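Treat the numbers as computed from the prediction; the structure is a model and nothing was measured.
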Amino acid sequence: MEQEKRILVIAPHADDEVLGCGGYLLHQKNADNADIRIIVATIGGSDKRQDFSTREMEFLNVCNALGAKGKYLYKNMDALIDTVSSFEIVSKLDKEIDDFKPDEIFVNCMSKHQDHIKLFQCAMSSIRLREGYMPKFVALYEYPFSTQGYNVHSGGKVYHDISDNIDDKIKLFKLYETQIRNSPSPLNERGIKALASIRGLESGVMYAEMFYLQQMKI
């Protein structure tokens, strides 16, 4: 029997993980050999669209759909993660990584949102050389807004073909009903397909997700 693959996704908010690597996670779930865990920095906030109970239920529904275990670090801190000390966030992530020892780690790219900047910095600090453990694969995943104005991400580009499950990825995102926005925001079906189409064109398929490779052990 194939050894179970441990996958950890670190996300600023509940929906970033689907936008960034939902197609990949759906494929891994269907492979029946993946232990998927999703850690989000915060659920809930002062905005009426960030009601904690509603957002938590959305997150749990997505985790159930992915066969994943979900966890959040802070309650009602949307747009306030940058006010938390880096030491505190890194310490929390350290514990999760040390306990789980994932084979693959996916971290959000930066965007112009302060929560995305802070979590990216803390996650990359936490993914450092440890005694007796090293993940086989570390990559940054895109978020639609991360394509605007930030060209600071290092690493070669890795593409994952999601031509066969782009519609399932969109259905998964729609479980985050409170997060769907009208155009020109890309947080909708049109935006998801547009970015996936561009990445597909770059990689010779219909639709794809793109990652910035940070580390790979072969």
**OP:** Please identify each residue that fulfils salt bridge (Lys or Arg N to Asp or Glu O under 4.0 Å) with E202, with sequence neighbours left out.
**Re:** R199
**OP:** Please tell me if the side chains of T42 and P12 come closer than 4.5 Å, counting only heavy atoms from C-beta onward.
**Re:** no
**OP:** Would you indicate whether the side-chain heavy atoms of E209 and E142 approach each other to under 4.5 Å?
**Re:** no
Original post:
Between Y141 and D16, what is the shortest heavy-atom contact and its length?
Top reply: CE1-O, 3.5 Å
Original post:
Checking ring pair (Phe, Tyr, Trp, His ring centres under 6.0 Å) for the pair H160/F211: CA distance, chi angles, key distance, verdict?
Top reply: CA-CA 8 Å; H160 181 72; F211 308 101; 7.2 Å; no
Original post:
Rounded to the nearest 0.5 Å, how far apart are CG of L119 and NE2 of H113?
Top reply: 11.5 Å
Original post:
Quick one: do the D51 and S53 side chains pair a donor with an acceptor below 3.5 Å?
Top reply: no
Original post:
Taking only residues two or more places apart in sequence or in another chain, which ones pass salt bridge (Lys or Arg N to Asp or Glu O under 4.0 Å) with R49?
Top reply: D47
**OP:** Tell me, yes or no, whether the heavy-atom count around K217 atom NZ, taken from other residues, nucleotides or ligands under 6.0 Å, exceeds 12.
**Re:** yes
**OP:** For K75, check salt bridge (Lys or Arg N to Asp or Glu O under 4.0 Å) against everything at least two apart and list the hits.
**Re:** none
Original post:
Looking only at heavy atoms, which two atoms of I117 and S111 are closest? And how far apart?
Top reply: CG1-O, 3.3 Å
Original post:
Can you pull the salt bridge (charged side-chain N to carboxylate O under 4.0 Å, His left out) pairs that have at least one residue in residues 61-74, sequence neighbours excluded?
Top reply: K71-E96
**OP:** For the residue pair Y207 and D164, establish whether any side-chain heavy-atom pair is separated by less than 4.5 Å.
**Re:** no
Subject >> Residue pair F173 / L187, side-chain heavy-atom distance below 4.5 Å >> reply: yes
Original post:
Looking at side-chain heavy atoms only, is the closest gap between F59 and I38 below 4.5 Å?
Top reply: yes
Original post:
Y24 vs F106 aromatic rings, parallel, tilted or perpendicular, using cut-offs 30° and 60°?
Top reply: tilted
Original post:
Relative to the ring of H116, is the ring of Y143 parallel (under 30°), tilted (30 to 60°) or perpendicular (over 60°)?
Top reply: tilted
**OP:** List the steps, then state whether salt bridge (Lys or Arg N to Asp or Glu O under 4.0 Å) holds for D99 with K95.
**Re:** CA-CA 6 Å; D99 288 348; K95 185 178 186 309; 2.8 Å; yes
Original post:
By side-chain hydrogen bond (donor to acceptor under 3.5 Å, both in side chains), which residues pair with R130, not counting sequence neighbours?
Top reply: D94, D98
Subject >> Pairwise side-chain contact, E104 with K5, heavy-atom cut-off 4.5 Å (strictly under) >> reply: yes
**OP:** Locate the shortest heavy-atom distance separating L25 from L66; write the atom from each residue and the value.
**Re:** CB-CD2, 3.9 Å
**OP:** List in chain and number order the residues that pass side chain to side chain contact (heavy atoms under 4.5 Å, CB included) with S86, two or more places apart in sequence or in another chain; answer none if no residue qualifies.
**Re:** K118, C122
